[in-house]
There are 4 protein chains.
Amino acid sequence: MQPDQHSRPTGRTKSRRLPRAVRERQILDAAVEVFAERGFHPASMDEISETAGISKPMIYAYLGSKDELFLECLRREAARLIDAIGEAVDPELGPDEQLWRGLQQFFAYVNEHRTSWAVLHRQASSQGEPFSQELATFRSRAMGLISTLLARATVDSQTPMTSEQLEPFASALVGACESLIDWWIEHPEHTADGMAMRVMNLTWMGFGDLIAGRTWSPAEPS
Amino acid sequence: MQPDQHSRPTGRTKSRRLPRAVRERQILDAAVEVFAERGFHPASMDEISETAGISKPMIYAYLGSKDELFLECLRREAARLIDAIGEAVDPELGPDEQLWRGLQQFFAYVNEHRTSWAVLHRQASSQGEPFSQELATFRSRAMGLISTLLARATVDSQTPMTSEQLEPFASALVGACESLIDWWIEHPEHTADGMAMRVMNLTWMGFGDLIAGRTWSPAEPS
Amino acid sequence: MQPDQHSRPTGRTKSRRLPRAVRERQILDAAVEVFAERGFHPASMDEISETAGISKPMIYAYLGSKDELFLECLRREAARLIDAIGEAVDPELGPDEQLWRGLQQFFAYVNEHRTSWAVLHRQASSQGEPFSQELATFRSRAMGLISTLLARATVDSQTPMTSEQLEPFASALVGACESLIDWWIEHPEHTADGMAMRVMNLTWMGFGDLIAGRTWSPAEPS
Amino acid sequence: MQPDQHSRPTGRTKSRRLPRAVRERQILDAAVEVFAERGFHPASMDEISETAGISKPMIYAYLGSKDELFLECLRREAARLIDAIGEAVDPELGPDEQLWRGLQQFFAYVNEHRTSWAVLHRQASSQGEPFSQELATFRSRAMGLISTLLARATVDSQTPMTSEQLEPFASALVGACESLIDWWIEHPEHTADGMAMRVMNLTWMGFGDLIAGRTWSPAEPS
DNA sequence: TATGAATGAGCGTTCATTCAT
DNA sequence: GATGAATGAACGCTCATTCAT
């Protein structure tokens, strides 16, 4: 019926016999793409295997079930994001500058990896137990960074706060960022730095200061 | 699941042949419950019909397809939430007090209607176009309230801000609340007012003030 | 939900309490219309009841199941067609004139009652046993008329033929007419008489005569 | 049902994992059988898959939806019938002899493939647009053959007729054959050649000649 | 009498998953 | 190692039919 539809477009004839690591990367790339575009349930293993250019049995052999595949996507993308942010923060700086750098990097990363973020955040949060659990792990790592940072900043004040007390604030900060990204998608004319600045103004200064005309701005030439 | 919700009027004695409006409510109640527990796709019309105690054909006759049913759930729950919040705000008060009342009511409502909130927020945001559209409509209404409120507050300041400029801050505020709810679920020992207070401290005062030991608290006995 | 959609368009307020015969006619009219438009299986009892302006339980009370309803449609429409044709034939005339009159009337009837014909012929012939049986009954009555007519015509010839021998020819004649109607639908510019003439030319004269330029035409002014 | 149709090659020893082309043939065979026996709508994909000895998903993978499957049946059977007839006609012969051979072959084919014919004709003609369209295509090909044949025959006569003028006659001829087959089914004692002869007598000679005792018969020993 | 309300049963379709080669 | 072939199980949806009022 369809006689000559074989042979992948990319010159690789047959493309067989690749090392396992490469295959796994191909599969995960395709999976992230398809999960991001369709959502977890509507994404079919058929489409993922076609996108990856690898037959379904291979996917099952390498990554297990659809759930495990999705979890693996989650872990990889989360690690990438955390790494990107971690590299940007310099513990020598003041707390507001550290937060600022982290936010800068966060929005820059999301800007460049929209699909990753879609998989990571929106899809994972809405599916049941195994995934939201994984997402929670990632989130708590991000929140841990933030609350530790803030805790250190209060150490010398009159009312030092434990990192545990600061956890809900970190959570709220993360949520604020996630929500702002939705707004950003509909207002793409703003820059990543502009978005980070908004978060600083809201969470460092607060509406009280904003209303009074006091805003936050980064220190002299970064 | 919710033991004393409506209490079958006639002690389960074949209370069939109810008027349409009643059936529609039963169906929507069941649908919200099942969608919240399973998520949109995994929720099956069979389970919804069993939960509602009504056969599937009636669901289709009254509410249409699964998509339409979900949309209707969304609309009802969103309207309820918005109403609950709207009733709590008194335009005579100062902006921080208004925000405070709104947040109080919001967390109180969510506390009492966890399943509604799950349907409304997490499920709707992760499914495709027809639903995220509906959710956006609801969200923008909430954000409109907030940004208008803040805009009025800056009118007399040196740097008045338009409600449009304040929109991203409103979006971030909403996201912060949503995220805090996740944290709350894992720390249920806190009260709704405590949660609202945290949001006030973050968004009205900001980390800057928090670190310096300045916090927000409601006006004298309300 | 839809508060004021009652009250039939036709002034009859409520239209209740009509004699049974009238109800049955309404139902059959609607059924023929819907069966003709949709086909037997795709036609739903819901649509029939809506078209008739009568609730479904009434249909079941008066005409029985969907199958029985369709059979009743068949019987009524077949009787009408046979009657129309029977009235046109005058046993005093010659056989070709009788055939001609019958065909005239047949095409005239079909022209005016397309939906009836659709129900009668195309739908009935393709559904299973109970219906094709009914259709066969009708057909054999029509074929009986024709073959009797032809048999009488051969009585005085050298090779008289029994009406039984002529039956297959009658069947073929009926089939030719049915098929011509399909062609007619796509060439509606032709008149009913023109169609009848074609049948006469084919079945009375035959290709042999046609090719030789000999055609049939009705007797002097009818 | 048909005992000696293909004879499972390996005596039913789990002969799974067959190439696609073979499976497609099996599916189409089963589909034709079931569609013919039950009709289009009452035929269920379940029964087709059981009859074919193949699970439903394979049917969908190979042939698409129920509609597409039916269309494919139509195309295959129509092509077979047209081929069978086309092979029988010899353009060197006179027009009546050509028609005679074609009819001979037609009745012989239908005699051997009753189910095919049932699918082709009765089912396709009564279902909606996509199918009657396909049937019309097939029919017009058959009619084209006939009317061209007749047109050539009149070329040298006093009143030459275009193939377009002859189209309705061809249509009627086809309908006559179809209807005769119904009669044949109830009188199976007649031979295929006998049936073909009846058509010749009706359409080549006409009732006029028949009544007068003039009949058609094939040329000397064929 | 007349009907809105109600359902059992079934259909077309799809998908994650696994054999057999 | 790699894949085309294959399926059990389920899902969304509809329909003919009947009950209770």
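Each chain gets a letter, A, B and so on, in the order the sequences are listed, and its residues count up from 1.
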Trainee: Please state how far atom CE in A:Met45 lies from atom P in F:dT3, giving the value in whole angstrom units.
Mentor: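 About 14 Å, once rounded to whole Å.
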
Trainee: In residues 28-35 of chain A, which ones come under 4.0 Å of DNA chain E, going by heavy atoms?
Mentor: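 The answer is none.
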
Trainee: Rounding to an integer number of Å, can you tell me how far C:Glu50 CD sits from F:dA16 P?
Mentor: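 To the nearest whole Å, that distance equals 12 Å.
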
Trainee: Nearest whole angstrom, please: distance from the P of F:dC15 to the NE2 of D:His41.
Mentor: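 So the NE2-P distance, D:His41 to F:dC15, works out to 9 Å.
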
Trainee: Report the nucleotide, chosen from E:dT17, F:dT14, E:dA5, that has the shortest atom-to-atom distance to any side-chain atom of B:Arg20.
Mentor: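 Selected nucleotide: E:dA5.
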
Trainee: Here's a test of your reading of the structure: between A:Met58 and B:Asp46, which maps to the more 5' nucleotide of DNA chain F?
Mentor: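 In this pair, the answer is A:Met58.
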
Trainee: Counting distance only, does the side-chain N/O of C:Gln123 pair as donor-acceptor with the main-chain N or O of D:Ser126 below 3.5 Å?
Mentor: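 A pair under 3.5 Å: yes.
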
Trainee: Does some side-chain heavy atom of C:Asp46 sit less than 4.5 Å from a side-chain heavy atom of C:Lys56?
Mentor: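 Contact flag for C:Lys56/C:Asp46 side chains = yes.
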
Trainee: Looking only at the side chain of D:Pro57 (C-beta and beyond, no hydrogens), which of the listed nucleotides F:dT7, F:dA16, E:dT7 gets closest?
Mentor: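 It is F:dT7.
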
Trainee: CZ of A:Arg38 versus C1' of E:dT14: gap in Å, rounded?
Mentor: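 Going from CZ in A:Arg38 over to C1' in E:dT14 covers 14 Å.
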
Trainee: Nearest-Å distance, CD1 (D:Ile48) to P (E:dG12)?
Mentor: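 Interatomic distance, CD1 of D:Ile48 to P of E:dG12: 8 Å.
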
Trainee: To the nearest Å, how far apart are D:Ile59 CD1 and F:dG8 C1'?
Mentor: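 Going from CD1 in D:Ile59 over to C1' in F:dG8 covers 15 Å.
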
Trainee: Among the candidates F:dT3, E:dT14, E:dA6, find the nucleotide nearest to the side-chain atoms of D:Tyr60.
Mentor: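 Looking only at heavy atoms from C-beta outward on D:Tyr60, the closest nucleotide is E:dT14.
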
Trainee: Return whichever of B:Ala43 or D:Pro19 has its heavy-atom-nearest nucleotide of DNA chain F closer to the 5' end.
Mentor: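 The answer here is D:Pro19.
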
Trainee: Hey, where does DNA chain E pair up into stems, meaning at least three consecutive Watson-Crick or G-U pairs with distances under 3.5 Å?
Mentor: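 Stems for DNA chain E, defined as runs of 3 or more consecutive pairs: E:2-21 with F:2-21.
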
Trainee: Using only modelled atom types and a 3.5 angstrom limit, is any donor from either the side chain of D:Lys56 or the base of F:dT7 paired with an acceptor on the other?
Mentor: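 No.
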
Trainee: Which residues satisfy the ring-ring contact (aromatic ring centres under 6.0 Å, His included) test with B:Tyr62, sequence neighbours excluded?
Mentor: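 Counting only residues at least two positions away or on another chain, B:Tyr62 forms no ring-ring contact (aromatic ring centres under 6.0 Å, His included).
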
Trainee: When you measure from the side chain of C:Glu68 to the backbone N and O of C:Ser65, does any donor-acceptor pair fall under 3.5 Å?
Mentor: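 Side chain of C:Glu68 to backbone of C:Ser65, a donor-acceptor pair under 3.5 Å: yes, one is there.
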
Trainee: Whole-Å distance between E:dG4 C1' and C:Ile54 CD1?
Mentor: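 Distance, rounded to whole Å: 16 Å.
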
Trainee: Would you please test B:Arg76 and B:Cys73 for side-chain contact (heavy atoms from CB on, under 4.5 Å) and show each step?
Mentor: CA-CA 5 Å; B:Arg76 193 182 71 165; B:Cys73 290; over 6 Å; no

Trainee: Using 0.5 Å steps for rounding, measure from the CG atom of B:Leu18 to the CD atom of B:Gln26.
Mentor: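 Atom-to-atom, B:Leu18:CG and B:Gln26:CD are 6.0 Å apart.
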
Trainee: Classify the side chain of B:Arg17 versus the base of E:dA5 as yes if they form a donor-acceptor pair under 3.5 Å and no if they do not.
Mentor: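 A donor-acceptor contact between them is present.
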
Trainee: Tell me, please, which residues at least two apart from A:Phe138 pass ring-ring contact (aromatic ring centres under 6.0 Å, His included).
Mentor: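 Checked A:Phe138 against ring-ring contact (aromatic ring centres under 6.0 Å, His included); zero matches.
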
Trainee: Counting side-chain heavy atoms from CB outward, which of E:dT17, E:dT13, F:dC15 is closest to C:Ser44?
Mentor: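 Closest nucleotide among those given: F:dC15.
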
Trainee: Do A:Lys66 and A:Phe40 meet the cation-pi criteria used here (NZ or CZ under 6.0 Å from the six-membered ring centre, within 45° of the axis)?
Mentor: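 Yes; both conditions hold, so A:Lys66 lies above the ring face of A:Phe40.
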
Trainee: Atom CD of A:Gln26 to atom P of F:dA2: distance rounded to whole Å?
Mentor: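 It works out to 10 Å between those atoms.
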
Trainee: Can you figure out which of E:dA6, F:dT14, E:dA2 approaches the side chain of B:Leu18 most closely?
Mentor: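 Output: E:dA6.
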
Trainee: Taking the side chain as every heavy atom from C-beta outward, state whether D:Leu28 and D:Leu69 have any atom pair closer than 4.5 Å.
Mentor: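 Of all side-chain heavy-atom pairs linking D:Leu69 with D:Leu28, at least one is under 4.5 Å.
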
Trainee: Report the residues that fulfil side chain to side chain contact (heavy atoms under 4.5 Å, CB included) with C:Glu47, sequence neighbours left out, ordered by chain and then residue number.
Mentor: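 Expected list: C:Val34, C:Arg38, C:Ser44, C:Thr51.
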
Trainee: Does any residue of residues 61-73 of chain A have a heavy atom under 4.0 Å from DNA chain E, and if so, which ones, in number order?
Mentor: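 Per residue number, the list reads A:Ser65, A:Lys66.
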
Trainee: With side-chain contact (heavy atoms from CB on, under 4.5 Å) as the test, would you mind laying out the steps for D:Thr115 and D:Glu37 before giving the verdict?
Mentor: CA-CA 7 Å; D:Thr115 62; D:Glu37 186 166 350; over 6 Å; no

Trainee: Mind checking the CD-CD spacing from D:Gln133 to D:Gln127? Nearest 0.5 Å is all I need.
Mentor: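 These two atoms lie 15.0 Å from each other.
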
